[in-house]
Structure formats: structure tokens, C-alpha cells
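Since this is a predicted model, take the numbers as computed values, not measurements. Naming convention: chains lettered A, B, ... in sequence-line order (proteins, then strands); numbering from 1 in each chain.
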Amino acid sequence: MTDIPILPPENIMVLQARAQAVAGLSLGQLAGELGVDVPADQRKKKGWVGQLLELALGADARNQSLPDFTRLGIELKTLPINAQGKPRETTFVCTIPLLTIQYQQWENSQVWNKLRHVLWVPVEACPSIPLAERRLGKAILWCPNAQQAAILQQDWLEITGMIAMGELELLSGKWGQYLQVRPKGLNGRCLCWGYNQAGDKVQTLPRGFYLRTSLTKQILQLQT
DNA sequence: AAGTGATCATAA
DNA sequence: TTATGATCACTT
């Protein structure tokens, strides 16, 4: 999945039309249309569904720190759905630059820039359904409403404040109403630099921001 | 069953 | 080593 046979969408209408065209397809059907193999074991291909959708919809950001649809400023996220139609998992947003995030403002932060425009694509994700048979849902183009944005900002300020104060030991997945901090690395031996409370550089786990399902559940309900 | 921590693949 | 894409799996 390295080529980009589908050109980037010129506008939102084109993007939405493409998303609508794949809604209802199974992952196996879509992969077949794109000439992509369906992995036998998702444990070794955790990002496969997301990458399949990037290909199908014409995302052009690759692994740059830009919205997936660079021209439209829209981020693409797949949303794994359980049998009850609710999100199965939190949603990864971005890794946290522990040494420099204290110099970001919310308004120009990576989190806000990623979340201000998101195209959510629900995907069946029950382990009981074979990967190729899981179906794609109707995409939702979402912008945070005032209340959602306010809570995200509050979470971000709280967490960023802790990082700035060097409170890495206190930092855990328990903080934040919508925004959550969790490890984000290859494994538990993967380390990066941060500050401790004395202001010294210390090695610590890389962390990322994630969205709790309490928020994505709301987003999902917008369509029904 | 949720919630939180741990982990896997790939490209540049 | 950084970024991208997430799901796995253990604990509570």
C-alpha cells in the first residue's frame, strides 16, 4: 500500500461522494477493488484498516504531520464499532512532544489542529467477524461543537500543565474527560525524553493523546 | 465490560 | 528516530 492510485479529493463534495461510495462495502470487497491483500492476522497489521481507507479516499499526507487530506485540512479516522454500534476502542490523536508541548497554545496545538475537522468512518470490528467480512459504515464529517471543544481544551490544558510541571509520574490514562494520555511506543522498553519535577531531563515512555469513547460515541449518534 | 497500559507494522 | 496507522491484552 505505497502508491496513491486515487488522487486527492479536490473538495469536500468529492471526498464525501467517495466515502458514500464505499459505505456498505466489506473490507474484503474494498481491498479487492484496490488490489490489496487482506491480512490473515490483524495483530500484526493493526493499522491496516486505516491505511486501506486512506488509499480508497485519496489521502495524501502520508506520514507527514499534516491532515490526511492536506488540501481540505481534514483528518481521516476509522472508528471500530462493536455489535451494539458503539466504539470499541479509544482513538489515537497524536504523540506528545514532552519537551516542547508547554510552548504550544491550545489554538495552534497539534490536538486542536487534528480534531477541528475529522471524517469518521465507522467500521465493524467485532472479533467474531472475519476481517474481510467487516462492513464499512456511513462516514461522518465532524467539527467539534462548542461544548466538545471546551472540554477538549480543558483536558489539554490540564494534561499539558502536568507535563510542563514535570509530573510524568502522575500522568496516566485516568486524566481527562475526552482527551486521554496513554503510552504510545513500540513497547515498554521504548523511551524518550521528558522533564521531571526538578526540571531535569529524564527518560520516560513516549505518550500520545487519545480520544475516549465517551466523545466518539456522541459523534456516532449524530448520524442517527 | 470498561478502562488503562502495552504493543505491532511501515515509510522517510 | 520520527512520523503515520491503530488494536491487543491485562487489570480493575
Side-chain angles (χ1 to χ4, degrees), chain A residues 1-4 8 27 30-31 34 36-70 74-101 110-111 113-115 118-132 134 136 155 159 162 168-194 201 203-217:
Chain A
M1 274 191 273
T2 54
D3 298 334
I4 306 179
L27 296 180
L30 182 57
L34 297 172
V36 170
D37 291 329
V38 180
D41 186 357
Q42 202 179 13
R43 281 180 301 182
K44 299 288 184 183
K45 289 282 185 179
K46 294 182 181 178
W48 182 79
V49 178
Q51 291 169 340
L52 185 69
L53 266 295
E54 286 184 343
L55 194 61
L57 302 182
D60 59 320
R62 306 307 313 266
N63 62 349
Q64 298 175 278
S65 295
L66 293 170
D68 293 290
F69 305 101
T70 54
I74 294 174
E75 179 74 11
L76 173 65
K77 290 289 180 197
T78 57
L79 192 55
I81 300 304
N82 67 17
Q84 290 74 43
K86 295 194 297 184
R88 271 182 58 84
E89 294 279 356
T90 57
T91 302
F92 172 68
V93 180
C94 61
T95 53
I96 306 177
L98 293 174
L99 294 176
T100 58
I101 194 169
Q110 294 168 306
V111 172
N113 276 295
K114 283 219 172 189
L115 296 185
V118 180
L119 184 71
W120 296 94
V121 180
V123 184
E124 287 182 332
C126 293
S128 58
I129 309 175
L131 188 54
R134 297 180 191 176
L136 294 156
D155 290 344
I159 292 164
M162 292 177 68
L168 296 175
E169 305 292 330
L170 283 174
L171 205 58
S172 76
K174 295 181 176 60
W175 299 89
Q177 184 178 338
Y178 288 162
L179 208 54
Q180 183 187 38
V181 175
R182 299 220 308 281
K184 167 63 174 174
L186 217 46
N187 54 52
R189 289 118 241 153
C190 181
L191 297 173
C192 69
W193 294 100
K201 281 190 184 178
Q203 295 216 284
T204 186
L205 289 176
R207 318 297 169 94
F209 282 120
Y210 295 78
L211 294 181
R212 293 185 184 277
T213 55
S214 55
L215 177 58
T216 49
K217 188 176 58 183

Should [X] be listed as having a side-chain N or O under 4.0 Å from OP1 or OP2 of [N]?
X	N	answer
A:Lys174	B:dA2	no
A:Gln180	B:dT4	yes
A:Thr78	C:dG5	no
A:Lys46	C:dT4	no
A:Arg189	B:dT7	yes

More 5' along DNA chain C: A:Ala125 or A:Leu66, using each one's nearest nucleotide? A:Leu66
Could you say whether A:Gly185 or A:Pro97 is positioned toward the 5' end of DNA chain C, judged by the nucleotide with the nearest heavy atom to each? A:Pro97
Got a sec: does the CD of A:Gln177 have more than 12 other heavy atoms crowding it under 6.0 Å? yes
Taking A:Asp60 for its side chain and A:Thr70 for its backbone only, find out whether a donor-acceptor pair lies under 3.5 Å. yes
So which nucleotide from [options] ends up closest to the side chain of [X]?
X	options	value
A:Tyr210	C:dA3, C:dA6, B:dT4	C:dA6
A:Thr213	C:dT7, B:dT10, B:dG3	B:dG3
A:Pro183	B:dA9, C:dG5, B:dA6	B:dA6
A:Leu205	C:dA3, C:dG5, B:dA6	B:dA6

What is the separation between atom CG on A:Asn187 and atom P on B:dG5, rounded to the nearest whole Å? 17 Å
Touch check for [X], heavy atoms < 4.0 angstrom, all strands: base, sugar-phosphate only, or nothing?
X	answer
A:Glu75	sugar-phosphate
A:Gly47	base
A:Arg43	sugar-phosphate

Is A:Thr216 close to A:Lys77 at the side-chain level, that is, under 4.5 Å between some pair of heavy atoms? no
Evaluate the side-chain proximity of A:Glu54 to A:Leu76: yes if any heavy-atom separation is below 4.5 Å, no if none is. yes
Both A:Lys86 and A:Lys44 contact DNA chain B. Taking the nearest nucleotide for each, which residue is further toward the 5' end? A:Lys86
Given DNA chain B, 5'-ward residue of the pair A:Asn82 and A:Val181, judged by closest heavy atom: A:Asn82
Does any donor-acceptor pair link the side chain of A:Gln42 with the base of C:dC8 at a separation under 3.5 Å? no
Determine whether a donor-acceptor pair (one donor, one acceptor, N or O, separation below 3.5 Å) exists between the side chain of A:Lys184 and the base of C:dG5. yes
